[in-house]
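For reference, the structure is listed below as structure tokens.
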Amino acid sequence: MLQLLPAYQAKILWIFAMYLVHAGGVAQQRFITDRDQFLSMATDARAAGQGDVGVATSPDVFAQQWNAAKYIFAEKKIGFGITQILGAKAANDGFAQANVNFYNQPDERSAYAISIRGYSYSEPSFNEFEGETNFNELAVDGSYALKLAESVAMAVTGRYILINRRTVPLNGFLGEEAVSLFGVDVSGFYLGEEIAYKKFNGRWRGALALSNVRNKPSEEDKLTQSYVPSTLKAGVGFDFILDSENTVSVTTEYTTLLVSYQQEDPETFFDQPEAGSIIAIGFEGVVAEKLVGRLGYSQGVNRQKGTFFSLGIGFRSRYADLDMAYLLGDNLLENPLRSKLRLSVSIDLAAAFSN
């Protein structure tokens, strides 16, 4: 596929990908955690409302987390988005979250994006010498996407991750650990031409994404890297274009780990093996290009985490879109964002500045 690109662009993309893969394989500090990886949790309300389906959905400002290649086909040339989790502090157990995204299409063949995702939360300790453990997590992403053909695009994303764990003591001693990781995503996206069927028009979508690619971890690094596991995501979708203002979209997605990160530590109460796969399906309906309804279901396969229903709604305007999502269920060990309202706002900066 690189043969379709100008020589200098292909060379730059290849060098960038190889550098990030090498950086992702560098061993960092060992860091033990008691919960599922935070990077796997959907931050934007649009994906969350469809069962955390995002790798093959139509492009939006939050594509960075799922598949940065989608930015090539975004209708809005410059976009900005932000997400917030709503709910009482007591209900969130001290949970706080922030997610900011920005992308730009300087021309028809390329796009770049940056994003910042941060989490802060606390967990009670079952150790008689510890009160609670506070986690602060940050991921900074940068991506570059290129159009390989009329309907195909590819992207490379580099990611820096910082995790800090601080224990509030009961015995007068303060414990604190920190770890930093590097990862790289390589993704591709296909957006087909609109096809005229008998009763409606349609468009196919397809995608493949390798996320957090790095070398196989050693036993010493295994607990650290299981927190941000390397995954493979594949998805396919179809848009039922009923008319110029009404569309129904169906997207299905499969996610699996590239490396088995199973941990069996009898001394760690919350330790859950990282194994199995996830199959999800999402539905999205757009009415009069203004009102959006969403429904999703995610099923964990040989995996304790990843099974839930979700609902979502959205409102579109000329300059900004508002999306909300709600995940059904209250099992915080599976996902601390369940039973909480997720709110996302995306702004079309090109349209706003032009007027």
Side-chain angles (χ1 to χ4, degrees), residues 1-2 5 8-29 31 37-44 47 54-55 59-72 74 78-81 83 98-106 109-119 136-148 153-164 178-189 207-217 221 224-233 255 257-259:
M1 290 189 296
L2 292 177
L5 299 174
Y8 75 94
Q9 287 186 335
K11 186 175 181 180
I12 291 174
L13 183 62
W14 178 256
I15 292 174
F16 183 49
M18 291 301 100
Y19 171 77
L20 289 174
V21 170
H22 175 73
V26 177
Q28 302 291 325
Q29 179 181 350
F31 185 87
Q37 66 280 7
F38 80 100
L39 285 177
S40 69
M41 299 177 187
T43 55
D44 63 288
V55 70
D60 62 21
V61 68
F62 299 103
Q64 183 92 305
Q65 179 179 353
W66 308 99
N67 184 349
K70 297 196 297 182
Y71 285 126
I72 290 291
I78 307 175
F80 173 83
T83 297
N99 176 29
V100 179
N101 286 255
F102 170 82
Y103 78 90
N104 181 30
Q105 293 179 1
R109 296 188 58 84
S110 64
Y112 64 86
I114 57 175
S115 65
I116 300 175
R117 281 179 282 162
Y119 293 79
N136 293 284
E137 306 160 351
L138 177 71
V140 181
D141 296 15
S143 67
Y144 182 68
L146 285 174
K147 194 173 187 178
L148 305 180
M154 178 182 176
V156 176
T157 303
R159 178 174 299 110
Y160 171 74
I161 304 157
L162 178 63
I163 307 169
N164 180 270
V179 64
S180 60
L181 296 171
F182 293 92
V184 58
D185 298 356
V186 180
S187 58
F189 184 68
L208 188 68
L210 302 175
S211 182
N212 296 311
V213 177
R214 58 170 63 88
N215 295 337
K216 185 175 181 180
D221 280 337
T224 298
Q225 298 197 5
S226 68
Y227 196 79
V228 190
S230 302
T231 60
L232 168 65
K233 292 186 177 184
T255 303
L257 298 180
L258 293 177
V259 181

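Because the structure is predicted, anything quoted here is derived from the model rather than measured.
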Can you confirm whether Met154 sits close enough to Val186 that some side-chain heavy atom of one is under 4.5 Å from a side-chain heavy atom of the other? yes
Could you report the tightest heavy-atom contact between Ala68 and Ser187, atom names first, then the distance? N-OG, 3.7 Å
Does the separation of the ring centres of Tyr103 and Tyr112 fall below 6.0 angstrom? no
Correct closest heavy-atom pair for Ala111 and Tyr71 would be CB-CB, 3.9 Å
List the atom of Val55, the atom of Ala209, and the distance in Å for their closest heavy-atom pair. CG2-CB, 3.7 Å
For the side-chain hydrogen bond (donor to acceptor under 3.5 Å, both in side chains) test, which of Gln65, Arg159, Gln64 pairs with Asp141? Arg159
Side-chain donor or acceptor of Asn67 paired with backbone N/O of Gly188 under 3.5 Å: yes
Over all atoms of both residues, closest heavy-atom pair of Thr43 and Asn99: OG1-ND2, 2.7 Å
Considering all heavy atoms of both residues, which atom of Ala145 and which atom of Ala155 are nearest to each other, and what is their separation? CB-CB, 3.7 Å
Identify the two heavy atoms, one from Asn101 and one from Ser115, that lie closest to each other, and give their separation to 0.1 Å. OD1-CB, 3.3 Å
Measure the CG-CG distance between Asn212 and Asp185 for me, rounded to the nearest 0.5 Å. 5.5 Å
Find the distance between CD1 (Ile78) and CD (Gln105) and round it off to the nearest 0.5 Å. 9.0 Å
Could you tell me whether the side chain of Lys70 and the main chain of Gly54 form a donor-acceptor pair under 3.5 Å? yes
Just do the side chain to side chain contact (heavy atoms under 4.5 Å, CB included) check on Phe189 and Ile72 with the steps written out, would you? CA-CA 9 Å; Phe189 184 68; Ile72 290 291; over 6 Å; no
